[in-house]
Amino acid sequence: MELTAEIVVFAVFSIITLTGGVGVALTRNLFRSALMLLVSLFGVAGLFVLLAAPFLAAVQVLIYMGAIAILIIFAVMLTRGMVTARRVMNDQWSVAAVVALFLFAVLAVIFVQVGQGESAVLPLNPTGDPPADGTAALGQALLDPAQYVLPFEVAALLLAGVLSGAIYIARDDEPDEPSQTRG
Amino acid sequence: MVPLWMYLVVAAALFCLGVFTVLARRNAVAILMGVELMLNAVNINLVAFWRFVTPATMMGQAFVVFVFVVAAAEAAVGLALIIAIYRRRQSVVADDANLLKW
(Lines give C-alpha, C1' and ligand atoms only; values in the text may rest on other atoms or scores of the structure.)
Protein backbone atom coordinates (compact mmCIF):
# COMPACT_ATOMS: atom_id res chain seq x y z
CA MET A 1 0.00 0.00 0.00
CA GLU A 2 1.49 3.28 -1.05
CA LEU A 3 1.70 6.18 1.35
CA THR A 4 -1.03 8.53 0.20
CA ALA A 5 -2.16 11.66 1.98
CA GLU A 6 -5.31 9.89 3.12
CA ILE A 7 -3.30 7.17 4.88
CA VAL A 8 -1.28 9.84 6.68
CA VAL A 9 -4.41 11.72 7.79
CA PHE A 10 -6.02 8.45 8.89
CA ALA A 11 -2.91 7.57 10.94
CA VAL A 12 -2.82 11.02 12.55
CA PHE A 13 -6.48 10.93 13.61
CA SER A 14 -6.20 7.32 14.76
CA ILE A 15 -3.23 8.20 16.94
CA ILE A 16 -5.10 11.21 18.35
CA THR A 17 -8.12 9.02 19.12
CA LEU A 18 -6.16 6.22 20.76
CA THR A 19 -3.86 8.57 22.69
CA GLY A 20 -6.94 10.24 24.13
CA GLY A 21 -8.39 6.84 24.99
CA VAL A 22 -5.21 5.76 26.78
CA GLY A 23 -5.23 9.07 28.64
CA VAL A 24 -8.83 8.54 29.77
CA ALA A 25 -7.99 5.07 31.02
CA LEU A 26 -4.71 5.78 32.80
CA THR A 27 -4.48 9.45 33.85
CA ARG A 28 -4.56 9.77 37.63
CA ASN A 29 -6.05 13.26 37.74
CA LEU A 30 -9.74 12.98 36.83
CA PHE A 31 -9.92 16.46 35.32
CA ARG A 32 -7.04 15.69 32.96
CA SER A 33 -8.80 12.43 32.17
CA ALA A 34 -11.86 14.43 31.05
CA LEU A 35 -9.63 16.64 28.88
CA MET A 36 -8.14 13.52 27.28
CA LEU A 37 -11.70 12.41 26.53
CA LEU A 38 -12.09 15.65 24.56
CA VAL A 39 -8.94 14.80 22.57
CA SER A 40 -10.26 11.34 21.79
CA LEU A 41 -13.66 12.68 20.67
CA PHE A 42 -11.90 15.14 18.35
CA GLY A 43 -9.99 12.28 16.74
CA VAL A 44 -13.24 10.41 16.15
CA ALA A 45 -14.67 13.53 14.47
CA GLY A 46 -11.66 13.52 12.13
CA LEU A 47 -12.30 9.89 11.25
CA PHE A 48 -15.93 10.81 10.43
CA VAL A 49 -14.67 13.44 7.96
CA LEU A 50 -12.42 10.83 6.34
CA LEU A 51 -15.43 8.54 6.00
CA ALA A 52 -17.41 11.20 4.04
CA ALA A 53 -19.76 12.04 6.92
CA PRO A 54 -19.07 15.73 7.56
CA PHE A 55 -22.44 16.37 9.21
CA LEU A 56 -21.76 13.68 11.80
CA ALA A 57 -18.32 15.19 12.41
CA ALA A 58 -19.94 18.58 13.09
CA VAL A 59 -22.50 16.96 15.39
CA GLN A 60 -19.69 15.08 17.13
CA VAL A 61 -17.90 18.36 17.85
CA LEU A 62 -21.10 20.19 18.89
CA ILE A 63 -22.89 17.51 20.92
CA TYR A 64 -20.11 15.26 22.18
CA MET A 65 -17.30 17.73 22.73
CA GLY A 66 -19.50 20.74 23.36
CA ALA A 67 -22.21 19.21 25.52
CA ILE A 68 -21.45 15.73 26.86
CA ALA A 69 -17.78 16.30 27.66
CA ILE A 70 -18.59 19.64 29.29
CA LEU A 71 -21.32 17.90 31.31
CA ILE A 72 -18.72 15.37 32.48
CA ILE A 73 -16.33 18.19 33.40
CA PHE A 74 -19.16 19.81 35.37
CA ALA A 75 -19.65 16.55 37.27
CA VAL A 76 -15.91 16.36 37.96
CA MET A 77 -16.02 19.89 39.36
CA LEU A 78 -19.18 19.29 41.44
CA THR A 79 -17.72 16.20 43.11
CA ARG A 80 -14.75 18.04 44.53
CA GLY A 81 -12.22 16.18 46.59
CA MET A 82 -12.51 13.25 44.21
CA VAL A 83 -10.28 14.68 41.47
CA THR A 84 -7.00 13.38 42.82
CA ALA A 85 -7.60 10.05 44.50
CA ARG A 86 -4.84 8.04 46.10
CA ARG A 87 -5.89 4.91 44.27
CA VAL A 88 -7.46 5.34 40.85
CA MET A 89 -7.72 1.64 40.00
CA ASN A 90 -9.73 -0.98 41.87
CA ASP A 91 -8.45 -4.40 42.93
CA GLN A 92 -9.39 -6.13 39.69
CA TRP A 93 -7.46 -3.84 37.34
CA SER A 94 -5.01 -6.56 36.30
CA VAL A 95 -7.85 -8.91 35.37
CA ALA A 96 -9.52 -6.05 33.52
CA ALA A 97 -6.31 -5.38 31.57
CA VAL A 98 -6.05 -9.05 30.59
CA VAL A 99 -9.71 -9.12 29.49
CA ALA A 100 -9.35 -5.94 27.43
CA LEU A 101 -6.10 -7.05 25.78
CA PHE A 102 -7.54 -10.49 25.00
CA LEU A 103 -10.67 -8.94 23.49
CA PHE A 104 -8.57 -6.61 21.36
CA ALA A 105 -6.30 -9.44 20.20
CA VAL A 106 -9.27 -11.58 19.15
CA LEU A 107 -11.00 -8.69 17.34
CA ALA A 108 -7.81 -7.53 15.60
CA VAL A 109 -6.95 -11.02 14.36
CA ILE A 110 -10.48 -11.52 13.05
CA PHE A 111 -10.57 -8.14 11.31
CA VAL A 112 -7.19 -8.63 9.65
CA GLN A 113 -8.18 -12.15 8.57
CA VAL A 114 -11.48 -11.13 7.00
CA GLY A 115 -10.25 -7.75 5.80
CA GLN A 116 -7.37 -8.55 3.51
CA GLY A 117 -5.80 -11.35 1.51
CA GLU A 118 -7.36 -13.89 -0.82
CA SER A 119 -10.31 -14.79 1.39
CA ALA A 120 -11.31 -11.24 2.26
CA VAL A 121 -14.97 -10.84 3.16
CA LEU A 122 -14.90 -7.12 3.89
CA PRO A 123 -14.58 -4.81 0.88
CA LEU A 124 -11.20 -3.16 0.40
CA ASN A 125 -12.80 -0.31 -1.51
CA PRO A 126 -16.26 1.25 -1.15
CA THR A 127 -18.99 -0.41 -3.15
CA GLY A 128 -20.36 2.96 -4.28
CA ASP A 129 -20.27 6.68 -3.77
CA PRO A 130 -22.27 8.45 -1.10
CA PRO A 131 -24.90 10.96 -2.25
CA ALA A 132 -23.50 14.28 -3.38
CA ASP A 133 -25.36 16.13 -0.64
CA GLY A 134 -25.14 13.63 2.19
CA THR A 135 -26.49 16.00 4.82
CA ALA A 136 -29.70 16.66 2.88
CA ALA A 137 -30.10 12.92 2.26
CA LEU A 138 -29.67 12.23 5.98
CA GLY A 139 -32.25 14.85 6.90
CA GLN A 140 -34.74 13.47 4.40
CA ALA A 141 -34.15 9.93 5.64
CA LEU A 142 -34.73 11.00 9.26
CA LEU A 143 -38.03 12.72 8.48
CA ASP A 144 -39.30 10.34 5.80
CA PRO A 145 -42.43 8.50 7.03
CA ALA A 146 -41.23 5.42 5.17
CA GLN A 147 -37.88 5.44 6.97
CA TYR A 148 -36.92 6.89 10.33
CA VAL A 149 -39.52 9.44 11.41
CA LEU A 150 -40.92 7.16 14.15
CA PRO A 151 -37.52 6.49 15.82
CA PHE A 152 -36.76 10.19 15.40
CA GLU A 153 -39.87 11.22 17.36
CA VAL A 154 -39.31 8.50 19.95
CA ALA A 155 -35.77 9.82 20.41
CA ALA A 156 -37.17 13.30 20.98
CA LEU A 157 -39.57 11.93 23.63
CA LEU A 158 -36.70 9.97 25.21
CA LEU A 159 -34.56 13.09 25.48
CA ALA A 160 -37.39 15.14 26.99
CA GLY A 161 -38.19 12.45 29.56
CA VAL A 162 -34.55 11.77 30.37
CA LEU A 163 -33.65 15.42 30.92
CA SER A 164 -36.59 16.09 33.23
CA GLY A 165 -35.77 12.84 35.05
CA ALA A 166 -32.14 13.92 35.42
CA ILE A 167 -33.24 17.23 36.93
CA TYR A 168 -35.52 15.37 39.36
CA ILE A 169 -32.75 12.96 40.41
CA ALA A 170 -30.10 15.62 40.87
CA ARG A 171 -32.39 18.11 42.62
CA ASP A 172 -31.40 18.99 46.17
CA ASP A 173 -34.34 17.82 48.28
CA GLU A 174 -32.55 17.36 51.57
CA PRO A 175 -34.64 18.34 54.62
CA ASP A 176 -32.97 21.70 55.05
CA GLU A 177 -35.98 23.53 53.70
CA PRO A 178 -38.35 24.86 56.34
CA SER A 179 -41.39 23.39 54.58
CA GLN A 180 -40.12 19.86 55.21
CA THR A 181 -39.90 19.83 58.99
CA ARG A 182 -40.30 16.34 60.30
CA GLY A 183 -42.15 15.06 63.30
CA MET B 1 -8.92 4.68 0.17
CA VAL B 2 -8.01 3.36 3.59
CA PRO B 3 -9.38 -0.19 3.73
CA LEU B 4 -12.27 -1.04 6.01
CA TRP B 5 -10.37 -3.35 8.35
CA MET B 6 -8.08 -0.55 9.49
CA TYR B 7 -11.05 1.46 10.72
CA LEU B 8 -12.37 -1.65 12.45
CA VAL B 9 -9.03 -2.28 14.21
CA VAL B 10 -8.86 1.33 15.44
CA ALA B 11 -12.46 1.09 16.68
CA ALA B 12 -11.68 -2.22 18.40
CA ALA B 13 -8.71 -0.64 20.19
CA LEU B 14 -10.87 2.28 21.33
CA PHE B 15 -13.60 -0.12 22.50
CA CYS B 16 -11.10 -2.17 24.51
CA LEU B 17 -9.72 0.98 26.15
CA GLY B 18 -13.30 1.79 27.12
CA VAL B 19 -13.80 -1.73 28.51
CA PHE B 20 -10.64 -1.39 30.59
CA THR B 21 -11.72 2.03 31.88
CA VAL B 22 -15.15 0.72 32.90
CA LEU B 23 -13.75 -2.36 34.60
CA ALA B 24 -10.70 -0.89 36.32
CA ARG B 25 -11.41 2.69 37.40
CA ARG B 26 -12.84 3.34 40.86
CA ASN B 27 -14.37 6.74 40.15
CA ALA B 28 -17.90 6.57 38.78
CA VAL B 29 -17.34 9.61 36.52
CA ALA B 30 -14.36 7.83 34.96
CA ILE B 31 -16.55 4.78 34.40
CA LEU B 32 -19.01 6.97 32.48
CA MET B 33 -16.11 8.27 30.39
CA GLY B 34 -15.26 4.67 29.51
CA VAL B 35 -18.84 4.12 28.36
CA GLU B 36 -18.51 7.18 26.12
CA LEU B 37 -15.33 5.72 24.60
CA MET B 38 -17.15 2.46 23.84
CA LEU B 39 -20.08 4.31 22.22
CA ASN B 40 -17.63 6.26 20.06
CA ALA B 41 -15.96 3.05 18.92
CA VAL B 42 -19.36 1.71 17.89
CA ASN B 43 -20.02 4.95 15.99
CA ILE B 44 -16.76 4.57 14.04
CA ASN B 45 -17.83 1.05 13.08
CA LEU B 46 -21.30 2.17 11.98
CA VAL B 47 -19.99 5.01 9.81
CA ALA B 48 -17.22 2.84 8.34
CA PHE B 49 -19.64 0.07 7.36
CA TRP B 50 -22.04 2.67 5.94
CA ARG B 51 -19.27 4.18 3.79
CA PHE B 52 -17.96 0.88 2.48
CA VAL B 53 -21.06 -1.32 2.18
CA THR B 54 -24.23 0.78 1.80
CA PRO B 55 -23.23 4.34 0.92
CA ALA B 56 -26.35 4.90 -1.18
CA THR B 57 -28.83 4.66 1.70
CA MET B 58 -28.49 6.72 4.85
CA MET B 59 -29.02 3.79 7.22
CA GLY B 60 -25.64 3.87 8.97
CA GLN B 61 -25.62 7.61 9.52
CA ALA B 62 -29.18 7.55 10.89
CA PHE B 63 -28.11 4.90 13.41
CA VAL B 64 -25.20 7.10 14.51
CA VAL B 65 -27.61 10.01 15.08
CA PHE B 66 -29.71 7.82 17.39
CA VAL B 67 -26.57 6.65 19.20
CA PHE B 68 -25.75 10.31 19.80
CA VAL B 69 -29.18 10.84 21.37
CA VAL B 70 -28.90 7.77 23.57
CA ALA B 71 -25.37 8.74 24.64
CA ALA B 72 -26.56 12.19 25.66
CA ALA B 73 -29.43 10.65 27.63
CA GLU B 74 -27.08 8.16 29.30
CA ALA B 75 -24.59 10.86 30.27
CA ALA B 76 -27.33 13.12 31.70
CA VAL B 77 -28.94 10.41 33.85
CA GLY B 78 -25.62 8.89 34.89
CA LEU B 79 -24.16 12.18 36.03
CA ALA B 80 -27.38 13.09 37.86
CA LEU B 81 -27.19 9.76 39.71
CA ILE B 82 -23.52 10.34 40.55
CA ILE B 83 -24.26 13.81 41.93
CA ALA B 84 -27.17 12.44 44.00
CA ILE B 85 -24.92 9.69 45.42
CA TYR B 86 -22.17 12.22 46.14
CA ARG B 87 -24.62 14.39 48.07
CA ARG B 88 -25.57 11.45 50.31
CA ARG B 89 -22.23 9.74 50.80
CA GLN B 90 -19.60 12.38 49.97
CA SER B 91 -18.01 9.91 47.58
CA VAL B 92 -18.16 8.98 43.93
CA VAL B 93 -16.16 5.76 44.26
CA ALA B 94 -18.27 3.01 42.77
CA ASP B 95 -17.37 0.55 45.55
CA ASP B 96 -18.89 2.87 48.18
CA ALA B 97 -22.35 2.75 46.61
CA ASN B 98 -23.04 -0.85 47.68
CA LEU B 99 -26.32 -0.49 49.57
CA LEU B 100 -28.20 -2.73 47.14
CA LYS B 101 -25.40 -5.27 46.92
CA TRP B 102 -26.19 -8.58 48.55
Side-chain angles (χ1 to χ4, degrees), chain A residues 6-7 10 14 17-18 21-22 24-25 30 33 37 44 47-48 51-53 56 59 63 68 71-72 75-76 78-79 82 87-90 93 96-97 100 103-104 107-108 111-112 115-116 122-130 137-138 141-142 148 151 155 158-159 162-163 165-166 169-170, chain B residues 1-10 12-14 16-21 23-27 29-30 32-34 36-37 40 43-44 47-48 50-53 55-58 61-62 64-66 68-73 75-77 79-84 86-87 91-93 95:
Chain A
E6 194 188 1
I7 300 272
F10 171 78
S14 300
T17 304
L18 295 181
V22 171
V24 171
L30 193 62
S33 208
L37 180 68
V44 174
L47 291 180
F48 284 170
L51 284 165
L56 290 182
V59 171
I63 305 292
I68 295 181
L71 199 63
I72 287 177
V76 171
L78 284 173
T79 57
M82 289 287 146
R87 288 171 55 229
V88 293
M89 302 287 182
N90 57 21
W93 70 269
L103 183 61
F104 174 66
L107 287 175
F111 289 151
V112 171
Q116 63 175 353
L122 301 176
L124 277 178
N125 288 302
T127 54
D129 288 328
L138 177 62
L142 280 177
Y148 301 110
L158 173 78
L159 260 189
V162 153
L163 291 180
I169 292 170
Chain B
M1 191 83 197
V2 179
L4 177 56
W5 64 269
M6 286 193 185
Y7 286 102
L8 298 186
V9 170
V10 170
L14 192 62
C16 293
L17 283 169
V19 168
F20 176 75
T21 307
L23 290 179
R25 294 290 290 240
R26 295 175 77 226
N27 194 310
V29 181
L32 267 183
M33 288 190 218
E36 299 296 334
L37 286 186
N40 267 281
N43 278 351
I44 294 176
V47 179
W50 164 78
R51 177 71 186 88
F52 279 85
V53 181
T57 64
M58 279 291 142
Q61 288 207 31
V64 173
V65 169
F66 295 128
F68 278 148
V69 174
V70 173
V77 172
L79 294 173
L81 284 172
I82 288 169
I83 287 172
Y86 179 77
R87 194 172 287 138
S91 167
V92 290
V93 175
D95 293 337

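Source: prediction; values computed, not measured. First the proteins, then the strands, lettered A, B, ... as listed; each starts at 1.
Chain B forms the most heavy-atom pairs under 4.5 Å with one residue out of A:Ala100, A:Ala25, A:Ser33, and that residue is A:Ala25. Comparing A:Val59, A:Leu163, A:Ile68 by heavy-atom pairs within less than 4.5 Å of chain B, the highest count is held by A:Ile68. The choice from B:Val19, B:Val9, B:Ile83 that makes the most heavy-atom pairs within less than 4.5 Å of chain A is B:Val9. Between chain A and the residues B:Leu14, B:Leu37, B:Leu4, B:Asn40, the most heavy-atom pairs under 4.5 angstrom are made by B:Asn40. Interface remark: of the candidates B:Leu32, B:Ile82, B:Val53, B:Val53 forms the most heavy-atom pairs closer than 4.5 Å to chain A. The candidate with the highest count of non-hydrogen atom pairs below 4.5 Å against chain A, out of B:Val10, B:Leu8, B:Thr21, is B:Leu8. For the options A:Leu56, A:Leu47, A:Thr17, heavy-atom pairs under 4.5 Å to chain B are most numerous at A:Leu56.
For A:Phe104, the parts sitting under 4.5 Å from any heavy atom of chain B are the backbone and the side chain alike. Both the backbone and the side chain of B:Ala13 have a heavy atom closer than 4.5 Å to some heavy atom of chain A. With a threshold of 4.5 angstrom between heavy atoms, A:Leu138 approaches chain B through its backbone and through its side chain. If you measure heavy-atom distances from A:Leu37 to chain B, the contacts under 4.5 Å come from the side chain alone. Looking at B:Phe20, both its backbone and its side chain come within 4.5 Å of chain A, counting heavy atoms on both sides. Using a 4.5 Å cut-off between heavy atoms, A:Ala52 touches chain B through backbone and side chain atoms alike. The contact between B:Ile44 and chain A is made by backbone and side chain atoms together, counting heavy-atom distances below 4.5 Å. Contacts between A:Leu142 and chain B at a heavy-atom distance below 4.5 Å involve the side chain alone, from C-beta outward. Heavy atoms of A:Leu107 lying under 4.5 Å from chain B belong exclusively to its side chain.
Put simply, the side chain of B:Trp5 never gets that close to the backbone of A:Ala108: no donor and acceptor are under 3.5 Å apart. Under the 3.5 Å distance criterion, the side-chain polar atoms of B:Arg51 are left unmatched by any main-chain donor or acceptor of A:Phe48. Formation of a donor-acceptor pair under 3.5 Å by the A:Asn90 side chain with backbone atoms of B:Leu23 is found in this model.
The CG atom of A:Leu51 sits 8.0 Å away from atom CH2 of B:Trp50, with the distance rounded to the nearest 0.5 Å.
Taking each heavy atom of A:Ala53 and B:Gln61 in turn, the nearest pair found is CB-NE2, 3.7 Å.
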